[in-house]
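See below for the structure under consideration.
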Amino acid sequence: MDHNKKKAYLINAIAIVALYLVFFVLIQTKTMNNYFVGIAIMTCIMIIMAMSLNIVAGFLGEMALGHAGFMAIGAYSSASFSMALIDGGLSLPPIITLVLAMVVGGIVAGIFGFLIGTPTLRLRGDYLGIVTIGFSEIIRIFFINFGPTGGAAGLKGITRLVNFNNVYWITIIVAFLIFTLGRSKQGRAIISIREDEIASEAAGIPTTRYKVLAFSLAAFFAGVGGSLYAHYQSFLEPSKFGFMFSIEMFVIVVLGGLGSLTGSIISAIVLTVLPEMLRSFSEYRLLVYSLVLIIMMIFRPQGIFGRSEFSLTAFIESLIRRKNVKNSIGGGEAS
Amino acid sequence: MNLFLQQLINGLNVGSIYALIAIGYTMVYGIIKLINFAHGEIMMFGAYFAFIAATSFNLPVWAVLLSSMVIMAIIGVAIEFIAYRPLRNAPRLSALITAIGVSLFLQNLALIIFKPDPKVMPKIFPETIYKIGEIEISSTTLITIGLSLFFMVLLDLFIRKTKQGRAMRAVSEDKDAAILMGINVNRTISLTFAVGSALGALGGVLYSVAYIQVYPTMGVMPGLKAFIAAVLGGIGIIPGAMLGGFIIGMVETMTKAYLSTTWADAIVFAILIVVLLFKPTGILGKNTREKV
């Protein structure tokens with residue numbers, strides 16, 4: 001690992017720990033009440049959802065409008081798993097139960113991603129978008145009709161295992177994994193498909209395999225996000241995972257910039273916190289939200305960050321450089 | 001057998017409404033390659049305007065239909081002008097997201113203006129029930145099917161026989177060549193939105209009369225299903241949208257009657273997926289090869 005990379009990791013690690021400490025102090029001193037902690041937890045879950053969707057929508061460049069379906073699969077399967085575990089009398093520490101449930105939720109969603117992705121990824125563009133909508137609607141209707149998970153009335157009595165501490169670190173780990181994916185051999189192969197499918201196929205990349213991989217991984221992380229959602233809300237309702245929720249997640253990714261993970265993170269934060277802040281004008285908030293979307297598409301269609309990533313290291317370096325320039329001008333020693 | 005015939009008529013009734021809405025999707029897609037997600041909302045607004053015209057102004061039936069269609073045609077053109085035209089040359093994804101934005105905007109606007117509670121749509125058509133053997137057909141059903149067929153024939157004549165119709169076909173086939181032939185592309189696209197939105201509004205009015213309700217989110221599901229109908233028939237092809245609409249309406253009615261009411265929507269989506277996987281261009285679509 002070269003020096004620059006080490007420095008970058010160090011700076012990011014410090015920033016992450018510092019941010020955590022800030023939240024920790026705010027929560028411990030009750031400056032942040034339960035309502036705000038709830039928003040923070042939902043923000044973390046939405047960050048995971050947006051980043052996972054960005055694997056398909058940003059890296060692979062395909063329109064996936066059924067992300068809520070995978071989230072629902074993850075949520076329901078992990079909730080059933082943890083309920084069975086707790087009913088079975090196994091008294092594991094809560095964090096282990098949560099992690100196991102997350103892994104189960106992620107894997108089940110991932111398997112469905114694989115099963116759905118394999119036939120559908122032959123389609124492209126709008127058609128793929130429509131098929132993913134179709135699948136996620138079928139999943140939702142399945143849960144409405146499926147008795148064992150409560151049907152339309154919803155699944156009640158899930159143990160609440162998620163709190164800010166664990167959801168924060170899980171989000172960090174997921175973010176790290178997805179960032180690493182983006183830079184790995186597989187990630188670069190996926191990005192090359194976005195740039196030009198035919199050219200990358202000619203360059204010897206098995207495009208179908210990588211497309212399915214991207215789709216399954218996105219479904220896996222969506223399942224993880226769904227598991228967290230289930231163990232935070234402790235109540236699941238099929239109507240939550242409708243078409244509009246998928247669109248909402250897609251909007252987050254597009255506004256952040258397709259292919260920019262930091263963009264997804266920031267836009268997930270803004271678009272989860274802002275509507276809560278606008279609660280008092282709740283009537284107009286979705287109106288404003290949709291107007292922002294239209295205006296954004298007309299004037300900055302590539303999203304806030306486009307495809308580039310926000311880098312803390314580069315940001316700090318540019319700050320230092322600017323300071324030096326200022327100092328040198330102030331000192332009158334322009335060379 | 002009687003039940004089957006009865007369901008067949010119900011299926012035609014629902015199908016003709018889906019077909020009307022699907023035409024709007026397919027025309028817009030054919031001409032600017034955009035899935036106009038706002039079309040379901042145009043249908044909803046059309047229903048609301050008819051509701052207002054019928055309850056507050058007590059207009060006669062033809063005026064209710066006409067006013068709602070004309071207003072929605074104007075709104076459709078305005079939407080295209082404000083939201084879609086600046087993105088004509090942008091990546092298709094941006095235009096699609098704008099369409100989603102417009103759809104959300106219209107839905108929430110309706111929530112604010114009309115409030116979320118459903119309103120009862122008055123029976124705007126004279127109501128009599130005809131009995132043929134044991135089958136009952138209400139006049140509303142007959143009028144719905146008749147009006148839909150009438151406008152479909154009218155549209156077909158318009159597209160095939162008139163100058164504007166020919167311009168539409170030319171633009172959807174090759175925009176650049178159409179410009180070179182001296183066709184005013186902007187005006188043709190506006191006209192397409194006007195016609196599509198007017199038919200969508202008519203579909204909305206008929207839908208709200210059939211289900212006796214108007215509410216702000218009423219456009220979402222029929223919009224989605226009409227879109228499926230358009231894809232099923234081969235998107236961009238107007239007869240395909242009509243065929244697709246009737247098929248989807250029929251399938252939905254038959255599933256509800258014989259299999260399960262709660263699974264009907266899932267089966268509609270499953271059909272869409274199967275069709276797309278085996279014939280992505282739809283029933284009437286032609287395959288185009290991708291060139292490098």
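Below, chains carry the letters A, B, ... as their sequence lines are ordered, and counting in each starts from 1. Note that the structure is predicted; figures quoted are calculated from it, not measured.
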#### Entry: Options B:L109, B:I267, B:I97, B:V268, ranked by heavy-atom pairs under 4.5 Å with chain A, top entry
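Sorted descending by pairs with chain A, the first entry is B:I97.
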
### Task
Could you check which of B:T98, B:L104, B:I273 has the highest count of heavy-atom pairs closer than 4.5 Å to chain A?
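Highest number of heavy-atom pairs under 4.5 Å: B:I273.
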
Let me know if [X] has heavy atoms under 4.5 Å from chain A in its side chain, its backbone, both or neither.
X      : result
B:L111 : neither
B:I228 : neither
B:V102 : both
B:L277 : both
B:I82  : backbone
B:A95  : neither

### Query
Does atom CZ of B:F114 have more than 12 heavy-atom neighbours, drawn from other residues, nucleotides or ligands, at distances under 6.0 Å?
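Yes, CZ of B:F114 has more than 12 neighbouring heavy atoms, counting only those of other groups under 6.0 Å.
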
### Task
Sort out for me which of A:I294, A:L293, A:I295 touches chain B most, counting heavy-atom pairs under 4.5 Å.
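Most heavy-atom pairs within the cutoff with chain B belong to A:I294.
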
### Query
Relative to chain B, which of A:T120, A:I141, A:V131, A:D196 shows the most heavy atom pairs under 4.5 Å?
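Sorted descending by pairs with chain B, the first entry is A:I141.
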
### Task
Could you tell me whether a side-chain N or O of B:K279 sits under 3.5 Å from a main-chain N or O of B:L276, the two making a donor and an acceptor?
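Judged by distance alone, no pair lies under 3.5 Å.
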
Flag side-chain contact, heavy atom, 4.5 Å: [X] against [Y]:
X      : Y      : result
A:F221 : A:N54  : no
B:L34  : B:L87  : no
B:Y48  : B:I113 : no

### Query
With no hydrogens and no angle check, do the side chains of B:Q7 and B:T253 hold a donor and an acceptor under 3.5 Å apart?
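Not at all, the side chains of B:Q7 and B:T253 share no donor-acceptor pair under 3.5 Å.
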
Quick one: what part of [X] sits under 4.5 Å from any heavy atom of chain B, side chain, backbone, both or neither?
X      : result
A:I130 : both
A:M296 : neither
A:F299 : neither
A:F135 : both

### Query
Can you tell me how far the OG atom of A:S216 sits from the CD1 atom of A:I55, to the nearest 0.5 Å?
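If we round to the nearest 0.5 Å, A:S216:OG and A:I55:CD1 are 10.5 Å apart.
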
### Query
Which distance, rounded to the nearest 0.5 Å, do you find between the CG of B:L232 and the NZ of B:K225?
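Taking CG in B:L232 and NZ in B:K225, the distance rounds to 14.0 Å.
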
### Query
What ring pair (Phe, Tyr, Trp, His ring centres under 6.0 Å) pairs are there with at least one residue in residues 217-268 of chain B, not counting sequence neighbours?
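Of all non-adjacent pairs touching residues 217-268 of chain B, those that pass ring pair (Phe, Tyr, Trp, His ring centres under 6.0 Å) are B:Y25-B:F227.
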
